[in-house]
Amino acid sequence: MNFLLNVDHLTSYRKKQIETFLNFTEKNNIKFVLLANSKNIKNLPSINEFVGKNYFIKSQPIKFFRYYIWQPKLISYILKNKPKLAVIWGEVTRINSWIILILKNLKLINTEIALWTHGIYGRENYIVKKFRLIYLSLSDHILVYSSYSKNLLVKNGIKKEKIFVIGNSIEKEKEYKLRKKKLYKKKILNLIFIGRVSKRKKIKFVKEIIENWNEDFFLTFTIIGPNIKYPKETEYKNSKLILKPAIYDPKLIQNYLDIADYGICPDNIGLFCITCLNSGLPIICHNTYPLHGPEGYNLIPNENSINIKFPINKINIKESILKAYKNKSNFSSNPRRVYDSLREEFKSSYVKKSINYFMETRFL
């Protein structure tokens, strides 16, 4: 029996899932094939171990009109090798995923097709939502990250029997530690963001707040990200902005998490949410789930986060920072409470258990 796993890019935060699929197939004498893009992994040694193995097929996606993507070799592998199950990347912009689903529904291929996807977010307009739901309904199975994603699909007519929550987790989760209880220090607040600084995250508003900070306590903001080329520190009248290139070693990241009082990501939060909560670090962010990645489902105001009111602008972000300063001692004295708020589906043990369960239902 053959099993095909297709992901768009080999990235560190997918390592646990790939390893779990691989280990299951090896244990049960099933041929494993990984088809993925490996173009930008030179700085990701932990994920680079999959490249060059006899089960790896290199496939660099081709973009059309900015959003639409063709994944070479995907259709040809399924037609030629007829795997029993193919888990393919489930974004609706994948042209060949549409072709595979149509071939499947016309009974021209027998391979079971599972889409690994965010599903729908709940923020789509009517036409986009219907388009995505049609696409998802054509598959045999749907793998999503959270129970929020599953419930949203069920509410919109997708059969719950075909949806599996496989969760998500940060890489090397066990190498992070719970923050120690901190002594309350007046007159300073340390904020941190780790990840890609994209427009949708609205990090620029925090930077602008730092540049014009005029309150009676010192404010620092540390940004660690893959799109930062050189380290840089800029001091202002009563604040400091610190930029650091990407760090992948949990021990080094932990040093920054320990110093920080809060993580901050005004909008569109993703795995950074788990990075913070896994170490007991509270977050400044809004809690409207549809506007985040699936990891935003963890946010609970006053339990693990300080909520930012809408609209997301400098005025409301600054108000939340001031509130965070007033509540700093409450959070710093109980990092365990913050950690305990992290949902089980965002821990590595759940990822392993849920993927193994899904594979057992298809192969054993």
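It should be emphasised that the depicted structure is a prediction, and the values quoted were computed from it without experimental measurement. Numbering starts at 1 and runs along the sequence shown.
Ring geometry for Y289 against Y148 counts as perpendicular: the plane angle is over 60°, on a 0 to 90° scale with 30° as the lower cut. Between F3 and F363, the ring planes lie perpendicular to each other; the angle is over 60°, past the 30° to 60° tilted range. Ring geometry for Y145 against W116 counts as tilted: the plane angle lies between 30° and 60°, on a 0 to 90° scale.
With K251 contributing its side chain and E175 its backbone, the two residues share no donor-acceptor pair below 3.5 Å. Under a 3.5 Å cut-off, the side chain of S279 and the backbone N or O of K177 do form a donor-acceptor pair. Of the possible donor and acceptor atoms, one in the side chain of R179 sits under 3.5 Å from a partner among the backbone N and O of A260. R14 places no side-chain N or O within 3.5 Å of a backbone atom of V7 that could act as its donor or acceptor partner. A distance-only check finds no donor-acceptor pair linking the side chain of K162 to the backbone of D140 [under 3.5 Å]. Counting only distance, with no hydrogens or angles, the side chain of S139 and the backbone of I113 share no donor-acceptor pair below 3.5 Å. For the pair N227 (side chain) and R196 (backbone), a donor-acceptor distance under 3.5 Å is absent. Side chain of N287 to backbone of P301: no donor-acceptor contact under 3.5 angstrom is found. Between the side chain of E345 and the backbone N or O of S147 there is at least one donor-acceptor pair closer than 3.5 Å. Judged by distance alone, with hydrogens and angles left aside, the side-chain atoms of D261 form no donor-acceptor pair with the main-chain N or O of S332 at under 3.5 Å.
To the nearest 0.5 Å, the span separating CG on L22 from CG on L5 amounts to 9.5 Å. Annotation: the span from I192 atom CD1 to L281 atom CG amounts to 7.5 Å, rounded to 0.5 Å. In this structure, the separation between CG on N96 and CG on L103 is 11.0 Å, given to the nearest 0.5 Å. Between atom CD1 of residue I274 and atom CD of residue E295 there is a gap of 4.5 Å, rounded to the nearest 0.5 Å. How far CD of E211 is from CG of L241: 7.5 Å, rounded to the nearest 0.5 Å. Taking CG of L219 as the reference point, atom NZ of K318 lies at 9.5 Å (rounded to 0.5 Å).
Among N307, D267, N316, the one residue that satisfies the side-chain hydrogen bond (donor to acceptor under 3.5 Å, both in side chains) test with H286 is D267.
For D258 and Q254, the side-chain atoms include at least one donor-acceptor pair closer than 3.5 Å. For the residue pair N278 and E173, no side-chain donor N or O sits within less than 3.5 Å of a side-chain acceptor on the partner. Between Q17 and N168, the side chains place a donor N or O and an acceptor N or O closer than 3.5 Å (distance only, hydrogens not considered).
Enclosure of atom CZ in F64 by more than 12 non-hydrogen atoms of other residues, nucleotides or ligands within 6.0 angstrom is indicated. Heavy atoms from other residues, nucleotides or ligands lying under 6.0 Å from CG of L106 number more than 12. More than 12 heavy atoms of other residues, nucleotides or ligands sit less than 6.0 Å from atom NZ of K104. For CZ of F310, the number of neighbouring non-hydrogen atoms (other residues, nucleotides, ligands) closer than 6.0 Å is greater than 12. In the displayed structure, K207 atom NZ is contacted under 6.0 Å by at most 12 heavy atoms of other residues, nucleotides or ligands. Within a 6.0 Å radius of CG in N125, more than 12 heavy atoms belonging to other residues, nucleotides or ligands are found. More than 12 heavy atoms of other residues, nucleotides or ligands lie within 6.0 Å of NZ in K347, so this atom counts as buried by the packing criterion.
Every residue was checked against the salt bridge (Lys or Arg N to Asp or Glu O under 4.0 Å) condition with D249, not counting sequence neighbours, and none meets it.
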Acceptor/donor pairs from residues 232-240 side chains to any protein atom, 3.5 angstrom cut, sequence neighbours excluded:
residue : atom : partner : partner atom : Å
N238    : ND2  : E215    : O            : 2.7
N238    : ND2  : F217    : O            : 3.0
S239    : OG   : I210    : O            : 2.5

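Under the 4.5 Å side-chain contact rule for hydrophobic residues, L108 and I95 share a cluster. By the rule that hydrophobic residues join a cluster once side-chain heavy atoms approach within less than 4.5 Å of another member, L138 and L79 end up as members of one cluster. Placement of I99 and I57 within a single hydrophobic cluster is found when ILVMFWY residues are connected by side-chain heavy-atom separations under 4.5 Å, directly or transitively. Criterion: ILVMFWY side-chain heavy atoms under 4.5 Å apart, direct or through other members. Under it, Y256 and Y339 are not part of a common hydrophobic cluster.
Look at E171 and K16 and you find no salt bridge, because none of the NZ, NE, NH1 or NH2 atoms lies under 4.0 Å from a carboxylate O.
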L299/C273 under side-chain contact (heavy atoms from CB on, under 4.5 Å): CA gap, chis, key distance, verdict: CA-CA 8 Å; L299 295 171; C273 179; 4.0 Å; yes
Residue pair F331, Y262: steps toward the ring-ring contact (aromatic ring centres under 6.0 Å, His included) verdict: CA-CA 9 Å; F331 283 113; Y262 292 88; 5.8 Å; yes
Derivation and outcome, side-chain contact (heavy atoms from CB on, under 4.5 Å), residues T361 and H141: CA-CA 11 Å; T361 66; H141 316 288; over 6 Å; no
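Close placement of the F272 and F193 rings is indicated, their centers lying within 6.0 Å of each other. F32 and Y55 have their aromatic ring centers within a separation under 6.0 angstrom.
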